[in-house]
2 protein chains.
Amino acid sequence: MRADARRNYDRIVEVAREVFREQGYDASLDEVAKRAGVGPGTLYRHFPKRENLLDAIMQSWVAKVSETADKALAHEGSDRELLLNWFQEYVGLISQHRGGPAKITSAMGDPASPIMTKCQVLAQANERVIDRLREDGCLRADVDTLQVCRLVGGVATVADQGELDPEAVRPMLEVVADGLLK
Amino acid sequence: MRADARRNYDRIVEVAREVFREQGYDASLDEVAKRAGVGPGTLYRHFPKRENLLDAIMQSWVAKVSETADKALAHEGSDRELLLNWFQEYVGLISQHRGGPAKITSAMGDPASPIMTKCQVLAQANERVIDRLREDGCLRADVDTLQVCRLVGGVATVADQGELDPEAVRPMLEVVADGLLK
DNA sequence: ACCTGAACACCGTTCAAGT
DNA sequence: ACCTGAACACCGTTCAAGT
């Protein structure tokens with residue numbers, strides 16, 4: 001990759017992170033190109049689809065996901081607390097910008113999605129937590145990890161689109177947790 | 001209302017129902033106007049915002065909502081079955097077209113939304129079912145009906161956006177139901 | 001009072017011309 | 001090899017002119 005291409009690529013990603021944080025995942029790509037100081041064609045050369053840009057933004061995100069799962073697993077306290085705490089972290093992880101919860105949750109089951117590998121990391125982090133609780137024997141028999149991602153993702157999506165505050169989200173996560181625990 | 005205005009209004013609503021069913025709630029309004037045989041200005045005169053058009057479409061929907069709740073309440077069987085059956089009907093009611101679950105669920109808590117009254121009808125139908133179970137004493141103490149709408153709406157939204165089939169939705173609704181029941 | 005359709009704004013996407 | 005920016009398509013929205 002040529003030096004100027006590299007520089008443009010990096011600037012676009014940096015600016016996109018900023019714009020998506022401000023305006024959500026539906027923000028104008030024209031705006032991103034403008035702020036990055038490149039023509040629209042340059043943005044499309046590097047990122048043919050909007051999801052490719054999202055994928056690049058999420059590059060640093062995967063490390064945070066694993067870390068968060070580690071911390072959640074190290075949590076002292078009851079199984080319920082551990083699960084609930086993880087759910088809250090999970091919602092936080094996918095709610096970095098508006099439209100994120102819906103996008104990430106729907107990409108989870110779609111092998112054709114450019115952000116699929118990123119979603120896999122999240123799914124595996126979730127699996128680690130669920131497996132740990134399964135070993136403890138406190139989960140119901142037929143709990144599927146993908147299902148858990150969708151349930152918590154659904155709560156996050158509703159919270160995102162309805163602009164709910166964390167106090168309204170917590171009790172919903174409690175219901176989901178209680179439905180999964182014995 | 002003048003006769004030709006009435007006729008145009010009705011045709012637009014009829015066509016919009018069709019187009020939304022085919023292409024989802026994000027369908028082009030230009031397409032609706034074209035199929036209805038009116039200019040775009042006429043559509044905007046009757047329906048200044050997309051949500052006003054949705055509201056008109058949902059006119060006949062409210063009767064179906066009440067009916068469905070009646071039927072669910074008349075259900076013979078366990079409390080869990082009754083609740084689960086209602087949840088499935090609820091998902092069906094808000095999933096008439098793509099984008100519906102998200103739109104309806106987020107409008108539920110927004111007093112400024114044009115479809116708010118329609119959502120209230122749904123919320124009240126849900127409340128009747130929940131109150132009935134509360135009387136039976138089989139619900140947890142702090143179950144809030146709006147919360148229930150959001151939880152089930154979240155499942156419906158995820159299912160809608162991920163194009164999941166009913167077999168994948170049912171177990172998620174079971175988790176929610178079990179989390180609400182004693 | 002209501003309708004029409006041209007006109008404008010905005011945005012995604014492509015591509016010929018440049019370096 | 002990469003960038004630029006004009007050009008096109010599409011869609012929502014407005015409004016002057018018409019009936």
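Chain letters run A, B, ... following the sequence lines, proteins first and then strands; every chain starts at 1. Nothing here was measured: the structure is a model prediction, and the numbers come from that model.
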### Query
Would you find more than 12 non-hydrogen atoms of other residues, nucleotides or ligands less than 6.0 Å from Glu163(A) atom CD?
no
### Task
Show your working on side-chain contact (heavy atoms from CB on, under 4.5 Å) between Val169(A) and Gln88(A) and close with a plain yes or no.
CA-CA 9 Å; Val169(A) 175; Gln88(A) 286 184 114; over 6 Å; no
### Task
Go ahead and name the base partner of dT19(C); Watson-Crick or wobble counts if both distances stay under 3.5 Å, otherwise write none.
dA1(D)
### Task
For residues Val15(B) and Val32(B), report the shortest heavy-atom separation together with the two atoms involved.
CG1-O, 3.7 Å
#### Entry: Whether Arg134(A) side chain and Val143(A) backbone form a donor-acceptor pair below 3.5 Å
yes
### Query
With nearest nucleotides of DNA chain D determined for Arg2(B) and Gly39(A) from heavy-atom distances, which residue corresponds to the more 5′ nucleotide?
Gly39(A)
### Of all pairs that satisfy side-chain hydrogen bond (donor to acceptor under 3.5 Å, both in side chains), the ones with a partner from residues 36-48 of chain A, not counting sequence neighbours
none
### Atom-pair distance (CZ on Arg11(B); C1' on dC2(C)), nearest Å
16 Å
#### Entry: Any Asn8(B) side-chain N or O less than 4.0 Å from OP1/OP2 of dC3(C)
yes
### Task
For Arg45(B) and dA1(C), give me the distance from atom CZ to atom P, rounded to whole Å.
9 Å
### Query
What do the steps show when you test Leu139(A) against Lys182(A) for side-chain contact (heavy atoms from CB on, under 4.5 Å), and what is the final call?
CA-CA 5 Å; Leu139(A) 283 185; Lys182(A) 255 176 197 162; over 6 Å; no
### Task
Specify the separation, in whole Å, of atom NE2 of His46(B) and atom C1' of dC2(C).
8 Å
### Query
Roughly, in whole Å, what's the span from CZ in Phe47(A) to P in dC2(D)?
13 Å
### Task
State the pairing partner of dC8(D); accept Watson-Crick or G-U wobble contacts with both distances under 3.5 Å, and report none otherwise.
dG12(C)
### Whole-Å distance separating the OH atom of Tyr9(A) from the P atom of dA1(D)
19 Å
### Query
For nucleotides 6-16 of chain C, read 5' to 3', which letter fits each nucleotide if B means a protein heavy atom sits under 4.0 Å from the base, S means only the sugar-phosphate is that close, and - means neither?
B----SSBBB-
